[in-house]
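All values derive from a computational prediction rather than experimental measurement. The chain is numbered in sequence order, starting from 1.
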Amino acid sequence: MKLVVAPLGVIPLATLLRSHIIEMVRANIVREKRALVAHKLLKYITSPQFRNPIEEVTHTAAELRGMIAQEAKDHQRVWQKRWNHYQRIEWDGAQIAANVTLVLQGKEPKQVVHPKMYPLQLPAGTERALSAKAGH
């Protein structure tokens, strides 16, 4: 019998097996019965009845990990765009107010020149934490 488990399934499988071994020891099951249970367990975990669902779980977990990484990137992009819009609104509003003041003083308004936009400043550690969770 050959047991093949996807890498993401190893930890859940080991955790499951460990908890059941501990339960058998606590229940004071005799050695012969433990050997029989271990044999049946090995037969089960090498069967398609076990392998198919565990592969589905690991596949779904990997897909979710990819989704959360993409979601973090998408949020970052949207936040950056929103930040740029707010900066533009603030700058344009200040320029308009300055030009209104100039006109009220009988002077000519100045041409509105847009400054370079600076990247969105997230709280310290946020970007690093997002990258780590995304696996980068």
Atom pair [atom1] ([X]) and [atom2] ([Y]), whose distance is rounded to the nearest 0.5 Å:
{"X": "Glu71", "Y": "Leu64", "atom1": "CD", "atom2": "CG", "value": "10.5 Å"}
{"X": "Lys43", "Y": "Lys40", "atom1": "NZ", "atom2": "NZ", "value": "9.0 Å"}
{"X": "Leu42", "Y": "Leu17", "atom1": "CG", "atom2": "CG", "value": "9.5 Å"}
{"X": "Asp74", "Y": "Met67", "atom1": "CG", "atom2": "CE", "value": "11.0 Å"}
{"X": "Asn99", "Y": "Asp92", "atom1": "CG", "atom2": "CG", "value": "10.5 Å"}

Search all heavy atoms of Pro53 against all heavy atoms of Pro48 and return the closest pair with its distance.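 Closest heavy-atom pair between Pro53 and Pro48: CD-O, 3.8 Å.
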Over all atoms of both residues, closest heavy-atom pair of Trp91 and Val112: NE1-CG1, 4.5 Å
Which of these passes side-chain contact (heavy atoms from CB on, under 4.5 Å) with Val78: Lys81, Arg82, His75? Arg82
Regarding Asn52 and Glu56, do their side chains bring together a donor and an acceptor under 3.5 Å, going by distance alone?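 Judged by distance alone, the side chains do not pair up.
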Could you tell me if Gln80 and Asn84 have a donor-acceptor pair between their side chains, going purely by distance under 3.5 Å? yes
Residue Tyr44 excluded, over 12 heavy atoms near OH under 6.0 Å: yes
Would you say Gln111 has more than 12 foreign heavy atoms packed within less than 6.0 Å of its CD? no
For the pair Arg51 (side chain) and Thr46 (backbone), establish whether a donor and an acceptor sit closer than 3.5 Å, ignoring hydrogens and angles.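 Yes, the answer is positive, given that a donor and an acceptor are paired below the 3.5 Å cut-off.
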Do Val57 and Phe50 belong to the same hydrophobic cluster, where Ile, Leu, Val, Met, Phe, Trp and Tyr are linked whenever their side-chain heavy atoms lie under 4.5 Å apart, directly or via other members? no
Grouping I, L, V, M, F, W and Y whenever their side-chain heavy atoms are under 4.5 Å apart, do Leu104 and Ile96 come out in a common cluster?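 Yes; tracing contacts between hydrophobic side chains, which count when under 4.5 Å, links both residues.
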Test log, rule side chain to side chain contact (heavy atoms under 4.5 Å, CB included), inputs Lys110 and Leu102: CA-CA 8 Å; Lys110 294 182 180 179; Leu102 288 174; 3.9 Å; yes
